[in-house]
Asks: 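Structure incoming, see below.
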Amino acid sequence: MILSRTAKWTLGAVFALVMLFIYVPLLVVVVNSFNVSLTFQWPPPGFTMEWWARAIDNVGVREALLTSVGVALIATTIALVLGTLTAVALTQYAFFGRQSISLLIILPIALPGIVTGVALNTMFTSWLGGLTYLTLVVAHATFCIVVIFNNASARLRRLGGNFVEASMDLGATRTTTFWRVTFPNMRSALVAGAVLAFGLSFDEIIVTTFTAGPGIQTLPLWIFNNLFRPQQAPIVNVVAAALILVSILPLYLAQRLSDDQTGDR
Amino acid sequence: MTTTEAPAGSPAAFLYRHPRARLTGLLALPMTWLVLLYLVPIVLLFVTAFWTTDSFTGNLQRTFTLENFARVLDPSQPFLTTALRTLAVAVSVTVVSIILAVPLSLFLAKIAQPRWRPLLVALVVTPLWASYLVKVYAWRTMLNPEGGFLESTLGFSTGYGWVAVVVVLTYLWLPYMVLPVYVGMQNVPPSLLDASSDLGARSWRTFRSVLLPLVKPAIIAGSVFTFSLSLGDYITVQLVGGKAQMLGNVVYGTFATDLPFAAAIASLTVLIMIGYLAAISRTGALENL
Amino acid sequence: MRFKHVTALGVGIAAASLAVAGCSSSSTSGGGSSAAPSASAYAGPVGEGEGELNVLAWPGYAEDGSTDPKVDWVTPFEKETGCQVNVKSFATSNEAYDLMRKGGYDVVSASGDASLRLVYGGYVQPVNTSLVPNYADIFSGLKDKQWNTVDGVNYGIPHGRGANLLLFNKGENKTEPTSWKDMWESNSPAKGKVSPYDDAIYIADAAVYLMATQPDLGITNPYSLDQTQFDAAIKLLDQQKPLVAEYWADYAKQANGLASGSISQGQGWQLTANVANADGDKVGATKPSEGATGWSDTWMVAKDTKNINCAYKWLDYIVSPKVNAEIAEYFGEAPANEKSCDLTSNEDHCAQFHAKEEDYWTNVYYWTTPTEQCLDGRTDVTCVPYKDWVSAWTTLRSA
Amino acid sequence: MPREEPLSDAIAVQLRGVSKTFGRGDDTVAAVRDVDLDVLDGEFLTLLGPSGSGKTTVLRMIAGFELPTAGTVELAGRDVTDVPPFDRDVNTVFQDYALFPHMTVQQNVEYGLKVKRVPKADRQARAAEALAQVQLAGYANRRPHQLSGGQRQRVALARALVNRPKVLLLDEPLGALDLKLREQMQVELKHIQRLVGITFIFVTHDQEEALTMSDRIAVFDSGRIEQVGTPEEVYEKPGTEFVAGFVGTSNLLRDAAAESVVGRPGIVSIRPEKIRLAEAAAAPGDGEHGVAGTVREVIYLGTGTRFVVDLDVGGSLVVLQQNLHDRGLHPRSEQPVTLLWRTSDEYDLSRSE
C-alpha cells in the first residue's frame, strides 16, 4: 500500500503509544515484584528478591498452578475432539440447521461469562449433585470448543474437499482418510487452536468462580483470593510477572503455526 | 489407523451411502455436549427467572410469577438505567478498541517490516496471556488516587469510576480486537490497494473506501468479543469501578440470595447479546470469529 | 449466519422455557418451610478421621498460613488428625449460606444472620455437644442462644463474637471519631472517602444510627423494622451514597484503601485494622457511642457431611483454648472459650474485647435474619422480611 | 482420425438413465439429465462440453463422489451405483491434482497401495515403476510444492496408474498448464494410455484437445449428451447445431440464406477450411455451391488467414485459408468476393435430426 510519509509517521506514533499503554501496567507489575514496599509505594523505596524466593516456596501457588494446568489440559483435549468433529461436519456437509449449530458453537463465548457461570452453577448444584473438579472441566471444555472449531474449520475450508476425494478415490475409507490425510494437514491449526484454548482456560476466572468445586483452586482463583492479602500481594505480583514472561513463548509458537497456514510457499 | 479396502457391505460403505448417518455420527457427541451442558442450563436459568424464593431461607419456590421481570423492567427501579449504563460501557469499550486496533493493525500489516512482523504481533497479543486479574489489579494500584503510579508520576489519576472501567476493559480486551483486524488486513491482497492508488486515490481515500470495507467483517468479529466480554464483566467493576455497578455485578450480588431475580437480569444481558448478534449476523462476520 | 436463525433460536429457547416454567408451577423445592426440621444429632463416638474436611469460614477463622506464614491453625490440625483441610473463605453471610446450600462443605462458621436459615433450610445437623469436650469451657452467655439453638436442640459450637467497628485513617481523622455521623451525614468531612459493608445486612447499621438520632421512630432492634422504620433506614442509606468511595466485601481490599488514605472512614472489623497496620500505625478502630452491629458466630456441621469424624474433631479443635485464643487475637474478637483468656499473647486481650463483660455487648446488635414476625416482640405490625431487605439493597446499589 | 487398432467390444463403463439434481425445493438444479453412455474397454473417451454442461458431474458419478439421483452405473458389468469410491476399481486425476501436501512424491504414489495393504517391497517397486513411466524417476523424495505444474500433473497420473485401475478418470488435467506443456502432455497421455491399455475417460472443454486425443467423444450440453462419435464423425457430421458450433467454428447457413444458396430451407453447416475464395463474379462449377458477399474482417493466424464474409443474402460465413506460397485470391477488407464449396462438404443439420 502506498502511504504518504505523514500517514506512516502517524501510524508509527499510534503504534508506539498503544505499546506504551499495553506495557506500562505490565512493567509496573514486574517492577513491583521486586518492590520492597508491601503496599507497592511508587517509586519503589528499594528492591528485593525476597518475593521471588517466597513465591517459589509457596505451596498454594504450586498446587494452584498444577490444578490450572490439569484443568486446561483436560478441557483442551475434550474441546479438541468435540471442536474437530463439529468442524469436519460443518465444513464437509451442507444441511438444514447448519447455521443454528454454528451459532450454538459460538454462544458459550459470545454470551457473558457470568451468564454461563450462573447457568452452569444452577444446573450442577440443583440437578447434578454439586460442584466438583469435573464440573469445572466441563465448563472450561464448553467454552474452549469454539476456539478449536474456528481454527479447525478455517484450515479445512482452506484445504478444500479435494484431498478427501483423492484419498477415497485411491481406496481409503473416510476414517483412514481422516487419519492419513485430513488430520496431518490440520495438525498445525489444531496445535494453534489448542494453545489458544489452553490459554483461555488457564486464565478464566468468572466461569471458574461459579463452577469450581469446594477445595479446588486454580491459579486465577488463588490470585483472586490472595490479591489483597498483605503478605501475599507481592507473591501475586511475582506470579503475574512470571506469567507474563512465560506467556511469550507459547504465543510466539501459536503465531508461527498459524502463519504456517499459507503452507506450501 | 490402518484400514484395508472395505468390502461392499462394510460399515464404511454403509456410511458412505448414508451421508445423514455419517453426519449424525460426527455431530452426535458435540451436539449432545453443547445442548445438555450448555443450552439446557441457559434455558433452565431463564425458567428460573419465572420462579420466586422463600422470604426467609431464600430457597427457590417453583411458582410461576412475572414479578422478577416486572421488577427488572420497572422504570422506577434502577435496573433499566443500569442496563443502559452497562450497554454504554460495552459500546464505549468496543469503539475505543476499534479506534486503537485499526491503525495498530494497519501499521503491523502494511508498514512494519515483514521479518519483524511476527515479533511485533506477539508483543501486541502477549498481554492476552498475562492473568486477567493481575492486569486489573495493576490498574487498580496505578489508578489509586492516593499515591498510585499515575498520581505520583503524571500528577493526576481518574480515580475509580466509570472512566477507569472503560480504560481497563479496553486494556483487557484490545488484543481480541487487534488479532482479527490484523489478520483481516493481511488477507487484503496488496493489488487491491495498488489498484486504488493507481486510480488516483490517496492514502486516506484508499483506507476509507477500499481497506476499511474489506476488514469490516473482521472488525465486527472482534467487536463480538469486546462487547460481550465487557457486557458481562463484574470483577473489573468491583476493582476499579468505585461504587459503580454493571449488570454483571447485579447478577453476582443477587445470585446467592435471589436467584430468580439474578436470572431475570442475566436474561436481560442475554437479550442484549442476542440482539447484538442478530444485528451483526447480516454482515456474515460471525463466520470469521 | 442469518438473522432468522438467531431469532429463531431465541424464540425457541423462550418458548421451551415458558413451557417448563408453567408445567412445574405446582411443585415446591425442599426446605422452604419455616418449621424446624427434626433431625437427630450424631450419636458418636468420634472415630478415626475420614482424611478430608471442607471448611467454609470467615476470612481469618481458618488460616492455613497462606495469608501470613506465621498464622496457621490448619496445618497442626492436619498433622494431628490426618484430616486434609480445604478452606474456602466467604465475604458475606449470604455467600456462606449459598455455598452451604449448594453442598460440598462439611463445616461452616455461621453468623447469626445465616445460622437460622441454615437450620430451617435443613442444611445443617444438630450437634451433639457431649462429643465436643471443649464445649464445657464456652462462656455460658454464648450457649443456648436463639441463633444456635432451636427448640432446645443445639446446632453448633459458639466460636466468638465481635462488633462491626468504625475504622478510620489516622491521617485523615486527626481526632478519634466517637460517632458514626461522618459516615452518614451529608456535610461529612469524609465525603467521597467512606466505605460501608456491601451486604443487605448493612441496613441494620443505618437502623442502629437511627436509634440514636431519631428516637421517634421507635426502633429497638435494628433487625426488626416495620415499613416506616425500614423506609427511614433506606432513606439514610440513600443519603450516604454520595459519601461512598467503595462498598467493601473483601476486608483486605478495604484495608488497602484505609491504609493508603483513599478511604477515610469505614465500617469494618478489627482484623481489617490489624491488616492495614502491618506497615505502620495508620488505621484506628472504635465502637462509637451509638453502638454497633456485630456478630456471634457458630461452627455448624453440614447435614449430609461425609466427614463426620473430621468435622467433630474440627469443632473441638477450633474452640480449644489455645487455638480459640489465637484466632480471637488474630481476627480481633472476643473468644468463646473462657480458658482462652489466659492464653492470649496479649494478656489484656479479653479485657480489651470485653469477653467477660456482658454490659459491653448491650449495644452490640448481633446479626440476625429479619423475619415478618417482628423479632422485638411487636405483634401489631409486621416487619420487613429479609427478602425485602435484599431486594432493597440490590436496588440501592444499582441506582 | 482413423482408429489405429480395433477396440474390444467389452464394456468398461455403462451408464443407464443417469440423472443428477442438486439442491432441494425451489433451488433444484438438474446437472445431468437421463444420460446413457457405454465406454468400451481400453478406449480413450472424452467428455466434451462447456462448463456447467454436466460432464464433470458424470465423471464424479463414475468415480463415486456423487450418487446419481436416478439411473445406474456399471463398471465391467457390476452395478456400482451406490458403491463408495474406495470400493471402486477406478482412479481419478484431479484438475488441481490434489497431491497430499504433507507427503513426498513417493508417499503420494504409494498411498493407494498402502491403504490396500500391499507389502512394502512390492509397493516401492510399483511406485518406482509408475514414476519411471511418467519420467519422474529422480523425484521420489521431493514434496509436491517443490515441483512444477507439469511435474505435479505427472505425479497425479502416476499416483492413479500405480493402482492399475480398470478405468482412469481425468478431470481437465491439462487445464492449468501452459499451451506448450499442454500439447506435450497430450501426446504423452495418449502414449501412456496405449502403453498401459487402461480405459481413459477424459473431461475437457477444449474441443481441439478432445479431437486430438480421443477414440470417441461424447459432447455434453445442459446435462445431456448431444452426440457420441469418433472425432471425425463429431467434426464432420455434427449431430446438432450445438455440436456444430461447439466443435470447430460455427459456420451455418440458415433459413432464407440456406434456401437461396442450397435451394431448400433448413440449417446447413460448412466447415471454414472447405470454402474457397474467388473473384466477385466467379460462378460455381460442377458439384459446387457459390454465394456472393463482402469481406468484413481479415485475421492473420500464422499458418493461415481467417476471413469473415458478410453474405449478400444475409448472415455471414467464416473462411479459413492456408498461407501457401501460391495461395490464390487474398482479398482485403470490404472487397466483394464469391465463396465456393463442394456440395459434398455441406452437412444438413435439419435433416440429421
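Letters A, B, ... are given to chains in the order of the sequence lines, protein chains preceding strands, and every chain is numbered from 1.
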Asks: Among A:V14, A:L128, A:L90, A:V118, which has the most heavy-atom pairs under 4.5 Å with chain B?
Replies: A:V118

Asks: Please look at A:V29 and chain B and tell me whether the side chain, the backbone, both or neither of the residue comes under 4.5 angstrom of a heavy atom of that chain.
Replies: side chain

Asks: Between chain A and each of B:R140, B:M31, B:R22, B:M273, count heavy-atom pairs under 4.5 Å; write down the option with the most.
Replies: B:R22

Asks: Under a plain distance cut-off of 3.5 Å, with no hydrogens placed, do B:D233 and B:S230 share a side-chain donor-acceptor pair?
Replies: no

Asks: Between B:Y252, B:W33, B:Y132, which residue shows the highest count of heavy-atom pairs closer than 4.5 Å to chain A?
Replies: B:W33

Asks: Identify which part of B:L239 has an atom lying under 4.5 Å from any heavy atom of chain A, answering side chain, backbone, both or neither.
Replies: side chain

Asks: For each of B:V136, B:L37, B:T269, tally heavy-atom pairs with chain A at distances under 4.5 Å, and name the one with the top tally.
Replies: B:L37

Asks: Counting heavy-atom pairs under 4.5 Å to chain A, which of B:G232, B:S228, B:S267 comes out on top?
Replies: B:S228

Asks: Which bit of B:V210 comes within less than 4.5 Å of chain A, counting heavy atoms only: side chain, backbone, both or neither?
Replies: neither

Asks: For the residue pair B:F255 and B:F261, is the inter-centroid distance of their aromatic rings smaller than 6.0 Å?
Replies: no

Asks: For B:S97 and B:Y176, does a side-chain donor sit closer than 3.5 Å to a side-chain acceptor?
Replies: no

Asks: What part of B:L45 gets closer than 4.5 Å to chain A, counting heavy atoms only: side chain, backbone, both or neither?
Replies: side chain

Asks: Considering only heavy atoms, which portion of A:T209 lies under 4.5 Å from any heavy atom of chain B: side chain, backbone, both, or neither?
Replies: side chain

Asks: Side chain, backbone, both or neither: which part of A:T122 has an atom under 4.5 Å from a heavy atom of chain B?
Replies: side chain

Asks: Heavy-atom distances under 4.5 Å only: say whether B:L29 touches chain A with side chain, backbone, both or neither.
Replies: both

Asks: Answer with side chain, backbone, both or neither: which region of A:L17 has an atom nearer than 4.5 Å to a non-hydrogen atom of chain B?
Replies: neither

Asks: So if I apply the side-chain contact (heavy atoms from CB on, under 4.5 Å) rule between A:V207 and each of A:I114, A:T116, A:T142, which one comes out positive?
Replies: A:T116

